[in-house]
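The structure under discussion appears below in the form of structure tokens.
The analysis underlying the following values was restricted to heavy atoms, covering all of them including side chains, and did not include hydrogens, waters or symmetry mates. None of the values given here were measured: they were computed from a predicted structure. We count residues from 1, following the sequence as given.
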Amino acid sequence: MVTNMHFGASKIIFKYAEVLRKDMTNTEKIIWDGFSKNQLGGKVRTQHPMEKYMADFIAMNYRL
């Protein structure tokens with residue numbers, strides 16, 4: 001599952017990302033609701049692992 005877009009993230013970070021996706025805050029749920037409807041014109045991911053960090057939201061096609 002680890003690809004170059006994860007920049008060498010460990011399995012521990014992936015497990016933590018999975019937990020965070022299941023237990024979003026109210027604010028994250030509101031933001032995700034807008035992103036999930038493709039309002040930015042591209043795919044947005046939530047709790048995306050990168051090295052030893054976790055991006056709450058990431059839009060790969062915009063590099064954000």
Side-chain angles (χ1 to χ4, degrees):
M1 177 175 202
V2 177
T3 63
N4 63 351
M5 69 181 185
H6 295 107
F7 303 101
S10 69
K11 289 182 180 184
I12 295 169
I13 297 293
F14 278 95
K15 293 280 185 190
Y16 187 53
E18 188 176 325
V19 169
L20 290 174
R21 278 186 218 110
K22 291 179 182 177
D23 191 26
M24 285 188 194
T25 65
N26 288 336
T27 305
E28 286 174 331
K29 288 177 186 176
I30 292 168
I31 293 170
W32 181 244
D33 186 48
F35 285 157
S36 64
K37 293 177 181 165
N38 201 16
Q39 293 177 350
L40 292 179
K43 187 174 183 178
V44 177
R45 298 170 188 243
T46 182
Q47 304 303 340
H48 184 80
M50 295 183 297
E51 291 183 4
K52 60 181 180 178
Y53 302 102
M54 188 80 56
D56 286 330
F57 299 99
I58 186 167
M60 295 298 285
N61 55 330
Y62 295 112
R63 298 188 184 259
L64 296 172

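Between the OG1 atom in T27 and the CG atom in D56 there is a gap of 10.5 Å [rounded to 0.5 Å]. The NZ atom of K29 lies 8.5 Å from the CE atom of M24; values are rounded to the nearest 0.5 Å.
Taking every heavy atom of both residues into account, R45 and W32 meet most closely at C-CZ3, 4.0 Å. Here the closest non-hydrogen pair linking F14 and A9 is CE1-O, 3.6 Å. Nearest heavy-atom pair across F57 and E28 is CZ-O, 3.7 Å.
Qualifying side-chain contact (heavy atoms from CB on, under 4.5 Å) partners for Y16, counting only residues two or more places apart in sequence or in other chains: L20, M54.
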